[in-house]
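This report refers to the structure that appears directly beneath it.
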Number of protein chains: 2
Amino acid sequence: MSLSIKDVAKLAGVSVATVSRVMNKKVFVKEETTKKVLDAIEKTGYKPNAIARSLKVKNTKSIGIIIPDISSHFFPDVVRGIEDIANEYSYNIILCNTDLNREKEKEYFDVLVEKQVDGIVYMSNTITDEIADKMASVGIEILLISTDYKELSSITIDNVKAAEDAVKYIISKGVRDIALIGGEMTDPNAGLPRFNGYVKALSEAGISINKDYILEGNYKYESGYEGAKKLLSLKQRPRAIFAASDEMAIGVIRAGLESGYRIPDELMVVGFDDIDMSRMVYPSLTTISQPLYEMGCEGMKLLAKKLHGEKVEQFKIVLEHKLIIRESC
Amino acid sequence: MSLSIKDVAKLAGVSVATVSRVMNKKVFVKEETTKKVLDAIEKTGYKPNAIARSLKVKNTKSIGIIIPDISSHFFPDVVRGIEDIANEYSYNIILCNTDLNREKEKEYFDVLVEKQVDGIVYMSNTITDEIADKMASVGIEILLISTDYKELSSITIDNVKAAEDAVKYIISKGVRDIALIGGEMTDPNAGLPRFNGYVKALSEAGISINKDYILEGNYKYESGYEGAKKLLSLKQRPRAIFAASDEMAIGVIRAGLESGYRIPDELMVVGFDDIDMSRMVYPSLTTISQPLYEMGCEGMKLLAKKLHGEKVEQFKIVLEHKLIIRESC
DNA sequence: AAAGATAATGTAAACGATTACATGAAGGGG
DNA sequence: CCCCTTCATGTAATCGTTTACATTATCTTT
């Protein structure tokens, strides 16, 4: 049904090789012949079959993206960054949601291998040796975003420093009773380093750590809300809460407001991520901005370069975070 | 470098046809032979080349998704729904962001054709005859979400009714000075029908339309904020504002709060979409919920059925919206 | 004008699977 | 015990490109 290069060749009165050559313009074809071929392509509306091409040239111009869940804040922006750059380099992206399920993740890696993607952007769990080795053995380049592993390329921010900056800013406001609603301590990508940053800032300011002020959340709104309720009911309540995600921070704001505290006068809150919601809430949220879109862009640039065989000087890139001062602190 | 079916065949001491047969299990292969083949596959870690397979069987188990921008609220949830069902049916999704740019859109359609996707989920502009015809001619099934066109399959909600429900609810609260911050009137998918629903509700309640109360926004936060500022500075200010998107509604809330109005006592606001932010803001937002995830699921189910040649009874599905009553009204 | 160099195009073998058809082995009926 | 099915597997064509190599046309040079 669909036309092939043969149909075009016949109509143009040339061989298939010639048609292929005018399309790929790597070999010179006489002006006149070129015109005949182009006319035939135009007339038939012929579109080359990329699958056949891929089989021969051994690349697909497709890259896989493995993330936990596109509907969590955080991912859409970085995916958009990836896609924009991918598009510039003529790659398409295959999106895979794992829900952090190792089994699902393994299945996706398998189909991406079978579909012969040229590369994979991974931002899910921490990666395993098994997977890294397998991908290396089939020649699929891996790029990590917001996670890191051995000699693999990665794009990250300095989470320790970022959390430290946030907490130091609070301290600079003259507050010392600062609580943390952190991420999971088992999460080495964000939970742990942000906790460390919090501790570091307090220590350096000579403030002793109060166990009651440290809670573990799951980055979701509800856990921020619940956490704040708990913290605010302490007999010695904190005057500021640093949450390891904006969603949690927004939960904190709500809990604070509900309890009748004026923000920031009576309760300061600082978040992490700078999701777009954070500028919209009232009071708007002081937070740490991760350059999400840029992380996607830089990651995809790096990946594209490696795929094109360019030698890359820096294959572990740490992007700058930024403290965004708004109304909540 | 990577192994092919030949290597497996050699190792197992059988022909490539036999290997193919045990993998596809459409033809019976003796238990004993099967075992030899399976062992060889296991031993070599062989993964079939889906590209080669696609070339022969003429399907790719890939579907394209064309959207304006994955980083706008609205899309991540529906994309997630699509992906979940796609995954069940063993499809992968190729994500394409058009920014509503016709040129980019055309390019994406072209590469999706070249990459031989089995189907396309489209939720961008309104589709054109030219595109619909071209896709039909190359045999690519199209499914529309939240837009509609001629005989194409589609998943939508009843926007007129939804807006009407929202406004009627406001009226039921005893308020009659109701303003609208709508979408673009040139947007036939959402802007126009929601405007119509607003007008319908007012008319049926015998409330005359006040031109000053009708503003056009672009669904973004800022346009809601600006719009509300304008409305609230009217000498005869509205007592309620219906915004055609939650982002705009959140802008309205902020503008209202800044101007010192108590919400909902002095100013009611109702949004549209039920993005997850809407339950987090304070006061939380009364809004119309579109079943985004479900729209993705139902859409992909419909598409998968058509691709499997099942006769589908209903190819235009209108899903139920729901009024979510929260604090803002 | 012939010979050699070069330019333009054609021919056919890949790429790695699937599958129609061919073949050989095993089983069953008379 | 032979012939005919039926079952299991093998052989080779095919999908639509790209590209190494072969061939022919064109251009220099003397």
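To find a chain, count down the sequence lines: A is the first, B the second, and so on, and within it residues start at 1.
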* Check the distance between dC15(C)'s C1' and Ile51(A)'s CD1 and give it to me in whole angstrom. => 13 Å
* Short side-chain N/O contact from Ser15(B) to OP1 or OP2 of dG10(D), under 4.0 Å -> yes
* To the nearest angstrom, how far is Lys36(B) atom NZ from dT9(D) atom C1'? -> 10 Å
* Asked: Of all heavy-atom pairs between Tyr219(A) and Gly191(A), which one has the smallest distance, and what is that distance?
  -> OH-N, 3.2 Å
* Structure fact -> Sorted by position of nearest nucleotide on DNA chain D, 5' first, the leading residue of Val57(A) and Glu31(B) is Glu31(B)
* When the distance from NZ of Lys58(A) to C1' of dT17(D) is rounded to whole Å, what number comes out? -> 13 Å
* Counting side-chain heavy atoms from CB outward, which of dT18(C), dG16(C), dT18(D) is closest to Asn49(B)? -> dG16(C)
* Asked: OP1 or OP2 of dT18(C) less than 4.0 angstrom from a side-chain nitrogen or oxygen of Asn24(B), does that happen here?
  -> yes
* Asked: Quick one: is Thr18(B) getting a side-chain N or O under 4.0 Å of the dG10(D) phosphate, OP1 or OP2?
  -> yes
* List the atom of Ala132(A), the atom of Leu152(A), and the distance in Å for their closest heavy-atom pair. => CB-CD1, 4.4 Å
* Asked: Can Lys134(B) be said to sit on top of Phe109(B)'s aromatic six-ring, NZ or CZ under 6.0 Å from centre and within 45° of the ring axis?
  -> no
* If you pin Thr33(A) and Val16(A) to their nearest nucleotides in DNA chain C, which one's is more 5'? -> Thr33(A)
* Using a cut-off of less than 4.0 Å, is there contact between a side-chain N or O of Lys56(B) and OP1 or OP2 of dC15(C)? -> no
* Asked: Nearest of dG16(C), dG10(D), dT19(C) to any side-chain atom of Leu55(B)?
  -> dG16(C)
* For atom CD of Gln116(A) and atom C1' of dT17(D), their distance in whole Å -> 16 Å
* Asked: What's the CZ-C1' distance between Arg53(B) and dT18(C), to the nearest Å?
  -> 8 Å
* Give a yes or no on whether a donor-acceptor pair under 3.5 Å exists between the nucleobase atoms of dA8(C), that is its base, and the side chain of Lys30(A). => no
* To do: For Ser20(B), answer base if it contacts any base atom (sugar-phosphate contacts may also be present), sugar-phosphate if it contacts only those atoms, and nothing otherwise; contact means non-hydrogen atoms under 4.0 Å.
  => base
* Asked: Thinking salt bridges, do Asp69(A) and Arg80(B) make one under a 4.0 Å N-O criterion?
  -> yes
* **Short side-chain to backbone donor-acceptor contact, Asn87(A) and Glu83(A), under 3.5 Å** => no
* In whole angstrom, what separates Ile5(B)'s CD1 from dC15(C)'s P? -> 14 Å
* Rounding to a whole Å, what distance do you find between Lys61(A):NZ and dT17(D):C1'? -> 17 Å
* Structure fact -> Whole-Å distance, Arg21(A) CZ to dG10(C) P, equals 8 Å
* To do: Among dT17(D), dG10(C), dG10(D), find the nucleotide with the atom closest to the side chain of Pro48(A).
  => dT17(D)
* Scan Lys6(A) against the nucleic acid and name what it touches under 4.0 Å (heavy atoms): base, sugar-phosphate only, or nothing. => nothing
